[in-house]
S.K.: 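Got a structure for you, written out below as structure tokens; questions coming shortly.
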Amino acid sequence: MGAWFCIMAKRSLQASPEGIEQAKRAFTRKGWTQDNLAAEVNLKTRQPIWRFFSGQRIERYTFIEVCTVLELDWREIAIDPPAEFLEFGEVGQATVLDIDNLVKQVRSQRFEKIKNQCGILQFLDISHPISIDDIYIDINISEEIVSLQWLEFAHLQSFTSKELDRFGLGEVSQTQITGIKAVQTYSKLRVLGKVGVGKTTFLQHLGIQCQRGIFAANRVPIFVTLRDFADEERESQEFDLLNYIRKEFLNCGISDPSVLETLLLEGRVLLLLDGLDEVYHQETKAVINEIRRLSEKYHKNMFVVTCRTAAQVFNLTRFTDVEIAPFSQDQIVAFAQKWFTALTKTNVHQQQAVQFIEKLDLPENLQFRRLAVIPLFLHLTCWIFRHNNQFRTQKAAFYKQCLDLLLYKWDESKGIERDEAYQGFFLPQKLKLLTQLASETFEQGNYFFEQRLVEQYIGDYLRDLPNASTESDELQLDSERILKAIELQHGLLTERSRGIFSFSYLTFQEYLTARKIVVSYDLQGLEEPLENLVSHITEPRWREIFLLTVAMLRNADLLVQLMKQRIDALVAQEPSLQKCLTCVSQNFLSTPSQLKEMIYKHENIQHDWHFSPEQEQLLQQYYYANQLLIDCLNSNCQVTEVVRQKIEASLLLSTKQLCLG
């Protein structure tokens with residue numbers, strides 16, 4: 001079994017008066033009864049709990065476990081706490097521990113370490129740390145990695161925009177289990193996930209639950225940030241993970257290296273290794289070899305590694321790969337309730353959480369809801385709503401914040417320095433490249449695109465850069481590296497199936513497409529992009545592009561005027577429809593909602609128009625375009641009052657009436 005370990009012979013411990021008061025406060029915060037606490041400590045009766053709070057002596061391991069469950073340091077609670085571990089060899093002065101008690105003892109001694117590593121979260125834009133208990137939501141795990149599937153390109157091209165948002169986000173997979181069950185099922189697990197889905201938080205939750213004896217109660221949790229491990233070992237180039245953990249034990253007061261060895265040999269460790277993708281590329285192989293070596297030598301333990309999905313090419317022998325699924329509707333609701341409770345220091349947090357969910361479900365907030373399935377973006381959405389009790393009418397600002405976060409702020413906030421695959425590319429250049437790709441593919445109606453096409457776009461962009469290579473092979477290699485960097489580092493492009501990519505969220509493809517139009521007009525003074533946009537005024541898939549563009553333009557007068565001209569031209573050559581419009585303006589209010597009523601219930605109009613199917617379709621397109629124009633005018637856009645009044649006064653008028661006007 002390995003070495004046995006000894007502690008001082010003092011078999012019982014007693015809480016001090018100050019320690020009892022501290023324990024009572026912690027007990028009250030839990031909201032438990034003494035029976036509840038006894039159950040948490042695996043006691044058959046609550047008598048030891050009563051004795052603990054009465055200041056009487058109880059068996060020392062029960063004392064330590066009670067303090068651990070209450071998240072207290074037993075040394076601060078006990079009267080005259082003894083030294084825990086003696087130097088190895090002083091067996092004559094101590095009693096022999098069994099392995100279960102050793103686990104409890106080590107967990108107690110490392111209590112503060114695990115609490116600091118796993119017990120708190122630091123959210124973006126939040127100035128203070130948050131307890132993981134106050135915000136954590138159980139995650140779901142997909143046992144199928146979508147990007148590893150072989151799917152026909154033609155099949156993917158048939159997806160609607162709604163199906164695109166679902167694809168690869170967990171709803172397509174038929175097999176989902178809870179995160180805890182996945183760890184219980186697979187003793188060697190690699191948890192994959194895109195940016196912001198909660199990989200690290202899940203690992204922290206496992207560590208806290210294990211420390212409390214709620215999950216893997218017979219094991220010691222050890223949490224390692226692989227980036228920190230690689231940074232520390234870089235100078236020596238030794239990359240000894242076991243020695244790294246030994247030093248961490250030493251910092252917790254466990255000086256005998258045989259303690260860790262015994263726990264590992266007995267299979268009593270839950271080793272949590274976070275952020276394999278965050279290790280420098282040139283050091284990844286050495287880190288993986290260390291994980292492999294440790295997991296094979298001490299195979300009876302539990303190993304959980306987290307990594308971004310795009311970095312799954314780094315193979316881990318005998319590890320099972322699973323992927324974190326985005327939040328379901330129930331999980332979004334639960335997270336929002338916890339978020340507003342934890343971060344809103346008022347008595348209206350529950351009411352605000354209810355309002356948040358109600359407004360998130362409104363049709364006009366579909367784009368926010370698309371992103372809210374990812375915890376990172378859901379947090380930002382809650383943050384926005386908290387201050388205004390509504391979502392921004394200026395969606396573009398929110399999307400820009402999300403893009404800034406993905407392109408550099410997320411890694412920066414975590415102190416991650418990645419390999420720069422495209423040195424010399426500053427943020428504007430990265431945006432320009434992504435914008436070009438988004439606009440051209442969206443214009444062509446392509447939500448999905450083959451890898452060779454993406455690399456071709458990147459290669460064309462590289463050729464225009466100063467000092468660009470003219471060697472086709474070199475350009476190809478650079479294009480491959482940049483595509484992998486965009487996928488791995490930023491998460492804006494994602495491999496949906498082998499060799500087939502798309503933007504990770506349709507929202508980003510739409511935003512970048514609108515951005516291209518705005519930049520071309522605002523900065524370059526080109527009217528052609530606006531004219532091209534208006535040519536799509538009857539196509540529903542372009543609706544969000546119109547709304548984003550009109551909101552982002554410094555002055556949207558020209559766009560709304562072009563829209564009005566295009567709308568009037570739709571029915572200008574149809575005499576029957578012209579007569580219909582004249583009738584509408586005389587019998588109904590000049591609003592699209594009345595026109596919609598006329599389209600579907602035209603029997604209410606005195607004249608029987610006898611429209612052909614083609615004319616009915618054209619009239620419905622006319623209605624849709626007018627409604628879109630109204631929505632654009634009602635958005636947070638910059639349109640001069642003169643132009644606005646002129647357009648509103650001429651809605652639904654026939655060509656003759658427009659000329660008279």
S.K.: Do Tyr280 and Glu283 have side chains that get closer than 4.5 Å, going by heavy atoms?
M.R.: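 Counting from C-beta outward, Tyr280 and Glu283 do come under 4.5 Å.
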S.K.: Considering non-hydrogen atoms only, spot the tightest contact between Lys199 and Leu192 and give its length.
M.R.: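 Closest heavy-atom pair between Lys199 and Leu192: CD-C, 4.0 Å.
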S.K.: Within the 4.5 Å heavy-atom criterion, are Thr306 and Ile324 side-chain neighbours or not?
M.R.: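 They are not in side-chain contact.
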S.K.: Just by modelled atom types, is the Asp138 backbone N or O under 3.5 Å from a matching donor or acceptor in the Gln331 side chain?
M.R.: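 Pair found, side chain donor or acceptor close to backbone of Asp138.
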S.K.: Give, for atom CD of Gln329 and atom CG of Leu360, the distance between the pair rounded to the nearest 0.5 Å.
M.R.: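 Here the rounded value is 7.0 Å.
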S.K.: Determine, step by step, whether Thr513 and Glu443 satisfy the side-chain contact (heavy atoms from CB on, under 4.5 Å) criterion, reporting the C-alpha distance in whole Å, the side-chain angles of both residues, the deciding distance to 0.1 Å, and the verdict.
M.R.: CA-CA 8 Å; Thr513 300; Glu443 177 79 34; over 6 Å; no
S.K.: Does the distance from a Lys or Arg side-chain N to an Asp or Glu carboxylate O, for Lys115 and Glu71, drop under 4.0 Å?
M.R.: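 Salt bridge between Lys115 and Glu71, a charged N being under 4.0 Å from a carboxylate O: no.
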S.K.: Do the charged groups of Lys194 and Glu323 touch, with an N to O distance under 4.0 Å?
M.R.: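 Salt bridge flag = yes for Glu323 with Lys194.
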S.K.: If I take atom CD1 from residue Ile132 and atom CD from residue Gln209, how far apart are they, to the nearest 0.5 angstrom?
M.R.: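 Ile132 atom CD1 to Gln209 atom CD measures 8.5 Å (nearest 0.5 Å).
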S.K.: Are any non-hydrogen side-chain atoms of Val269 and Arg219 less than 4.5 angstrom apart?
M.R.: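 Heavy-atom side-chain distance check fails, nothing below 4.5 Å.
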S.K.: Verify side chain to side chain donor-acceptor pair (under 3.5 Å) between Glu143 and Tyr186, making sure each step is shown before the conclusion.
M.R.: CA-CA 11 Å; Glu143 296 182 277; Tyr186 306 106; 2.5 Å; yes
S.K.: Can you confirm whether or not the ring centre of Phe356 sits under 6.0 Å from the ring centre of Phe385?
M.R.: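 Yes, close enough.
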S.K.: Does Ser131 use its side chain to pair, donor to acceptor, with the backbone of Ile120 at less than 3.5 Å?
M.R.: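 No, because the side chain of Ser131 does not come within donor-acceptor range (under 3.5 Å) of the backbone of Ile120.
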S.K.: Ignoring hydrogens and angles, tell me if any N or O in the side chain of Gln509 forms a donor-acceptor pair with the backbone of Asn446 under 3.5 Å.
M.R.: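 Side chain of Gln509 to backbone of Asn446: a pair is present.
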S.K.: In plain terms, say whether Glu290 and Arg293 are close enough for a salt bridge, that is, a side-chain N and a carboxylate O under 4.0 Å apart.
M.R.: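 The answer is yes: the pair qualifies as a salt bridge.
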S.K.: Between Phe229 and Tyr244, is the ring pair (Phe, Tyr, Trp, His ring centres under 6.0 Å) condition met? List the steps.
M.R.: CA-CA 7 Å; Phe229 163 61; Tyr244 179 82; 5.2 Å; yes
S.K.: Can you label the angle between the Phe335 ring and the Phe327 ring as parallel, tilted or perpendicular, going by 30° and 60°?
M.R.: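 Correct class here is tilted.
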S.K.: If you draw a 6.0 Å radius around NZ in Lys285, do more than 12 non-hydrogen atoms from other residues or ligands fall strictly inside?
M.R.: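 No, NZ of Lys285 has 12 or fewer neighbouring heavy atoms, counting only those of other groups under 6.0 Å.
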S.K.: Give me the atom names and distance for the closest heavy-atom approach of Ala336 to Ile357.
M.R.: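 That would be CB-CD1, 4.0 Å.
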S.K.: State plainly whether the residues Arg246 and Asp240 are in salt-bridge range, i.e. N to O under 4.0 Å.
M.R.: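 No, this pair does not count.
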S.K.: At what distance, to the nearest 0.5 angstrom, does CD1 of Ile114 lie from CG of Leu272?
M.R.: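 Between Ile114 CD1 and Leu272 CG, I get 7.5 Å after rounding to 0.5 Å.
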S.K.: Heavy atoms only: give me the nearest Trp339-His379 pair and the separation to one decimal.
M.R.: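 For Trp339 versus His379, the nearest heavy atoms are NE1-ND1, 3.0 Å.
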S.K.: Counting C-beta onward and ignoring hydrogens, is there a side-chain heavy-atom pair between Leu378 and Leu371 closer than 4.5 Å?
M.R.: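 Not touching, per the 4.5 Å side-chain cut-off.
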S.K.: For the atom pair OH (Tyr447) and OG (Ser502), what is the distance rounded to the nearest 0.5 Å?
M.R.: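 It is 11.0 Å, given to the nearest 0.5 Å.
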S.K.: If you measure only the distance, is there a donor-acceptor pair under 3.5 Å linking the side chains of Gln476 and Glu455?
M.R.: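 Short answer, yes.
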S.K.: Can you measure from SG (Cys307) to CG (Leu276) and round to the nearest 0.5 angstrom?
M.R.: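 Cys307 SG to Leu276 CG: 4.5 Å, rounded to 0.5 Å.
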S.K.: Under the 3.5 angstrom rule, does the side chain of Asp134 hit a backbone N or O of Ala342 as a donor-acceptor pair?
M.R.: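 Not at all, since once roles are kept as given, no pair shorter than 3.5 Å links the two residues.
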S.K.: Mind checking the CD1-CD1 spacing from Ile139 to Ile177? Nearest 0.5 Å is all I need.
M.R.: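 Reported value, rounded in 0.5 Å steps: 10.0 Å.
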S.K.: According to the interplanar angle, ranging from 0 to 90°, do the rings of Tyr399 and Phe368 count as parallel (below 30°), tilted (30 to 60°) or perpendicular (above 60°)?
M.R.: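 Tilted.
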S.K.: Between the side chains of Lys300 and Glu266, is the shortest nitrogen-to-carboxylate-oxygen separation below 4.0 Å, so that they form an ion pair?
M.R.: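 Here Glu266 does not pair with Lys300 in a salt bridge, since their nearest N and O are not under 4.0 Å apart.
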S.K.: Which is it for Arg212 and Asp133 under the salt bridge (Lys or Arg N to Asp or Glu O under 4.0 Å) test, yes or no, and what are the steps along the way?
M.R.: CA-CA 12 Å; Arg212 294 170 179 166; Asp133 294 331; 2.6 Å; yes
S.K.: State, to 0.1 Å, how close Ala514 and Leu548 come at their nearest heavy-atom pair, and which atoms those are.
M.R.: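 Nearest pair, atom of Ala514 first, then Leu548: CB-CB, 3.7 Å.
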S.K.: For the residue pair Cys118 and Phe223, what are the closest heavy atoms and their distance?
M.R.: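 So the minimum-distance heavy-atom pair works out to SG-CD1, 3.6 Å.
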S.K.: Taking atom types as modelled, find out whether Glu261 and Tyr298 have a side-chain donor-acceptor pair closer than 3.5 angstrom.
M.R.: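 Indeed, the side chains of Glu261 and Tyr298 share at least one donor-acceptor pair under 3.5 Å.
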S.K.: Return the orientation label for the Phe319 and Phe303 ring planes: parallel under 30°, perpendicular over 60°, tilted otherwise.
M.R.: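 Perpendicular.
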S.K.: If only atom types and distance count, is the side chain of Asn365 paired as donor or acceptor with the main-chain N or O of Asp361 below 3.5 Å?
M.R.: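 No; judged by distance alone, with no hydrogens or angles, the pair does not exist.
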S.K.: Please walk me through it: do Met302 and Leu189 pass side-chain contact (heavy atoms from CB on, under 4.5 Å)?
M.R.: CA-CA 8 Å; Met302 297 174 71; Leu189 190 70; over 6 Å; no
S.K.: Quick one: do Val183 and Phe202 satisfy side-chain contact (heavy atoms from CB on, under 4.5 Å)? Show the steps, please.
M.R.: CA-CA 11 Å; Val183 180; Phe202 173 58; 3.8 Å; yes
S.K.: Would you call Glu440 and Lys516 a salt bridge, taking side-chain N to carboxylate O under 4.0 Å as the test?
M.R.: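 Between Lys516 and Glu440 there is no salt bridge, as every charged N stays at least 4.0 Å from the carboxylate O atoms.
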S.K.: Short question: side chain of Glu480, backbone of Leu477 - any donor-acceptor pair under 3.5 Å?
M.R.: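 Checking the backbone N and O of Leu477 against the side chain of Glu480, no donor-acceptor pair under 3.5 Å is found.
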S.K.: Going by heavy atoms in the side chains, are Ile141 and Thr178 under 4.5 Å from each other?
M.R.: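 Ile141 vs Thr178: side chains apart.
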S.K.: Side-chain contact test, heavy atoms from C-beta onward, threshold under 4.5 Å: evaluate it for Gln211 versus Thr68 and give yes or no.
M.R.: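 SC-SC contact between Gln211 and Thr68 confirmed.
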S.K.: Under a 4.5 Å cut-off applied to non-hydrogen side-chain atoms, are Ile222 and Glu248 in contact?
M.R.: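 A side-chain contact under 4.5 Å exists here.
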S.K.: Check whether any side-chain heavy atom of Val304 lies under 4.5 Å from a side-chain heavy atom of Asp274, and answer yes or no.
M.R.: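 No; the side chains remain at least 4.5 Å from each other.
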S.K.: For the pair Lys338 (side chain) and Tyr136 (backbone), establish whether a donor and an acceptor sit closer than 3.5 Å, ignoring hydrogens and angles.
M.R.: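 Answer holds: yes.
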S.K.: Dump the intermediate steps for side-chain contact (heavy atoms from CB on, under 4.5 Å) on Thr435 and Lys432, then the final yes or no.
M.R.: CA-CA 5 Å; Thr435 297; Lys432 184 177 180 180; 5.6 Å; no
S.K.: How close do Val103 and Ala217 get, counting heavy atoms only, and between which atoms?
M.R.: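 Heavy atoms of Val103 and Ala217 come nearest at CG1-O, 4.4 Å.
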S.K.: Are the side chain of Asn301 and the backbone of Leu264 linked by a donor-acceptor contact shorter than 3.5 Å?
M.R.: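 Yes, Asn301 side chain to Leu264 backbone: donor-acceptor pair under 3.5 Å.
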S.K.: Look at Lys104 together with Asp100 and state whether they make a salt bridge at an N to O cut-off of under 4.0 Å.
M.R.: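 Result for this pair is no, no salt bridge flagged.
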S.K.: Just by distance, do the side chain of Arg386 and the backbone of Leu343 share a donor-acceptor pair under 3.5 Å?
M.R.: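 Pair found, side chain donor or acceptor close to backbone of Leu343.
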S.K.: Looking at Glu510 and Arg543, is there a salt bridge between them, counting it only when a charged N and a carboxylate O are closer than 4.0 Å?
M.R.: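 Judged by the 4.0 Å cut-off on N to carboxylate O distance, Arg543 and Glu510 do not form a salt bridge.
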S.K.: Would you indicate whether Lys359, at its atom NZ, is surrounded by more than 12 heavy atoms from other residues, nucleotides or ligands within a distance under 6.0 Å?
M.R.: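 Counting neighbours around NZ of Lys359, more than 12 heavy atoms of other residues, nucleotides or ligands fall under 6.0 Å, so yes.
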S.K.: Using ring centroids (six-membered ring only for Trp), state whether Phe503 and Phe508 fall under 6.0 Å.
M.R.: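 Aromatic pair excluded; centres sit 6.0 Å or further apart.
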S.K.: Got a donor-acceptor contact below 3.5 angstrom from the Arg107 side chain to the Pro221 backbone?
M.R.: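 Between the backbone of Pro221 and the side chain of Arg107 there is no qualifying donor-acceptor contact (under 3.5 Å).
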